Number of protein chains: 2
Amino acid sequence: MTPARRPTLADVAREVGVSAKTVSRVLNEDGPSSPDTRRRVLEAVAKLGFQPNLMARSIRTGGPDTTVGLVVPDMSNPFFGAVASGIEDAVRTRGLTLLMGSSHDDPHREQALIDTFLARRVSVLMVAPAAGSEHSRLQVHRAAGMPVVFLDRPGTGLTTDTVVSTNRSGTREGVAHLIAGGHSRIGFVGDLPTRLYTRRERLAGYREALADAGLSHDRALIADAHDPETAAEATARLLDLRDPPTALLSGNNTMTLGVLTQLARGGSKDIAVVAFDDVPIASILEPALTVVAQNPTAVGATAGAIAIRRLAGDRARARTVLVETHLILRGSGELAPRPGR
Amino acid sequence: MTPARRPTLADVAREVGVSAKTVSRVLNEDGPSSPDTRRRVLEAVAKLGFQPNLMARSIRTGGPDTTVGLVVPDMSNPFFGAVASGIEDAVRTRGLTLLMGSSHDDPHREQALIDTFLARRVSVLMVAPAAGSEHSRLQVHRAAGMPVVFLDRPGTGLTTDTVVSTNRSGTREGVAHLIAGGHSRIGFVGDLPTRLYTRRERLAGYREALADAGLSHDRALIADAHDPETAAEATARLLDLRDPPTALLSGNNTMTLGVLTQLARGGSKDIAVVAFDDVPIASILEPALTVVAQNPTAVGATAGAIAIRRLAGDRARARTVLVETHLILRGSGELAPRPGR
DNA sequence: TTGAAAGCGCTAACAT
DNA sequence: ATGTTAGCGCTTTCAA
């Protein structure tokens, strides 16, 4: 039992008794057609279950496809899910469909995905770069008129439109908040070394806030971690210092999980915490978690808007757009330092 | 300054001084080619930045595309992100790329996305149906040999492969756990009416657990909510009953947020809670949250495996595969009922 | 080992 | 209002 061939324009035309072009005209509302022909064509389309082959159309029209290719390091990360959602909403009105792939933070897979998208002639390419990837090969495609937008982190080897959160000023604001609450020894738990843009920026924001307040910068207060477990260990180590921090800034969601686990475990609930990145149930924690929240949907929406402008012919020079983070005060950052710890 | 045209096979052939077919042969490793020709072709490809046009190839070979189309109700929901990730890992080895779109839980957008995917000749279509959608139109495509897999919920009007969590037995297990802990009045906070498969199944599991234990089924203990706010209100209402529940089962993540918020607000921390669906920082809550965890990655991986088998020619009748949920005991479900509340 | 011609499904350009 | 021809970029078929 060989599967039925998908019906083509010609099949519909034969069924109705008109030419292929007429069917095409009806379906694309291109040129005139008599009401009667129109009706019969649509009937035949429904009867045969005809779906126009978009690839054949694209080939002929020569233009790019109607898709936006998006490469992210991790699809299961809600941040990128929200980014994707923002992009989709923005470009949907232009009839663009989102194509999404995950690089698993591997530069090779990232490159493979980019190649797939290019081969598919996406009309826009968006990339949230993996750590250590390189993008100079994209230059030629950008020159060929395809908009390229980097998200969350800038691309490497290529100057083009970029949309990132205010990692630096956001972290600075969070740390300044702790300082305003009377803290002078503030630990930083992050993923080091900071080769990655976002991590580097956040650490820089932390340092700036200390400098702004004229506080000395103690290297011992900066802890390296790579997952919740090591973040928990790092937190324990910080609190075991002879002159321990009275407040912590956690550099991302993963770190936050470890930091809070350790604080709960160690009964150190009086340590003030500000976390970079919001978490869904932050308000239920005790104390409720004060965060520097990103706005992933806005990041996506902004990237979508840029892409649309580029597609419309905007040839202005590449810009980097910063999407504001917001300090959300919930309690954990408002704990006063207790002397004698 | 008109953008440079993308190079084609013919451009490469001209550059090298061979025929298009020869270039095609080299690139697809189809048929023999002299080492010298091979080298020169590859050089020209690199020099021109040639990317084969996958759409043109698909057109000619007639076969389906090398993509898997996935429609989910909400991309920013981590559950579907993890599902997508599982699918991607499973199909990547077959050279398939994931195409993903969000229906925003709107049957019309779902249908539009499905049409787009069909028009793009995806080789597999996967759908996590929106509430109230209908899929009988897919029958003809399935007959044409395109695998269709439903995820998370069964499709409507069409019998085909389906992968769902053990919503019913999982909930039953969660409620049984509460009963084993001595609870006899157990509230259910969920999204009602239960037109949606997952909600219906979870409520059924709740009822089954009560019946198993010979407990009477009190309608007053079943509360309807649609978001965290109404879930919080519903929780408050349940606890204000003359004979209030001593334990709660929360039907999904959204409900859980509201339930926990209300328990924290009302100081009712001694109410036992089991939540359907895990949350990232469940272990940090006080008490740590006992959950019936789904395995979204496994749901995706299973769907991917099914699709691959179908593409390989498996014509067995459609199956529904259940992916196990797991009861994770963390504390909130182990609170004993206190008389005299 | 290589090439020429035909054709995939569709639409642009020009008829009628 | 409709049809004809040609051709998009590629691969298949057949020939050299």
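Values in this document were obtained by computation on a predicted structure and should not be read as measured data.
When distances run from any side-chain atom of P32(B) to the nucleotides dT2(C), dT11(C), dG9(C), the shortest one goes to dT2(C). For A56(A), taking side-chain heavy atoms from C-beta onward, the closest of the listed nucleotides dG3(D), dT11(C), dG9(C) is dG9(C). Comparing dG3(C), dG9(C), dG3(D) by their closest approach to the side chain of K21(A) singles out dG3(D). For P52(B), counting side-chain heavy atoms from C-beta on, the closest listed nucleotide (dC10(D), dG3(D), dT12(D)) is dC10(D). Distances from the side chain of T8(B) to the nucleotides dG9(D), dT11(D), dG9(C) place dG9(D) closest. Counting only heavy atoms from C-beta on, S19(A) has its side chain closest to dG3(D) among dG3(D), dC10(D), dG9(C).
The CG-P distance, from L27(B) to dC10(D), rounds to 9 Å in whole Å. L9(A) has its CG atom 13 Å from the P atom of dG3(D), to the nearest Å. Rounded to a whole Å, the CZ atom of R39(B) is 16 Å from the P atom of dT1(C). In this structure, the CZ atom of R57(A) is 20 Å from the P atom of dC10(D), given to the nearest Å. The separation between D36(A) atom CG and dT2(D) atom P is 8 Å, rounded to whole Å. One can place CZ of R14(B) at 10 Å from P of dG9(D), the figure rounded to the nearest angstrom. Going from atom CZ of R60(A) over to atom C1' of dA6(D) covers 7 Å, rounded to whole Å. Per the geometry, CG belonging to N53(B) stands 18 Å off P belonging to dC8(C), to the nearest Å.
Residues S136(A) and E134(A) have side chains in contact (heavy-atom distance under 4.5 Å, counting atoms from C-beta outward). Counting heavy atoms from C-beta on, the side chains of R121(A) and M146(A) never come closer than 4.5 Å.
The pair D65(B)-R120(A) counts as a salt bridge, with a side-chain nitrogen and a carboxylate oxygen less than 4.0 angstrom apart.
Each of N28(A) and R25(A) was matched to the nucleotide of DNA chain C holding its nearest heavy atom; the match closer to the 5' end belongs to N28(A). Between S34(B) and R121(B), the residue anchored closer to the 5' end of DNA chain C is S34(B), taking for each the nucleotide with the nearest heavy atom.
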Stepwise, does the side chain to side chain contact (heavy atoms under 4.5 Å, CB included) test hold for T97(A) with V91(A)? CA-CA 7 Å; T97(A) 307; V91(A) 302; over 6 Å; no
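Dashed line: the shortest gap from a side-chain N or O of S24(A) to OP1 or OP2 of dT11(C) is under 4.0 Å. Contact check, T37(B) against dT2(C): a side-chain N or O comes under 4.0 Å of OP1 or OP2.
Residue S133(A) forms a side-chain hydrogen bond (donor to acceptor under 3.5 Å, both in side chains) with just one option from E110(A), Q111(A), R153(A), and that option is E110(A).
If you check every strand for non-hydrogen atoms under 4.0 Å, S58(B) touches nothing.
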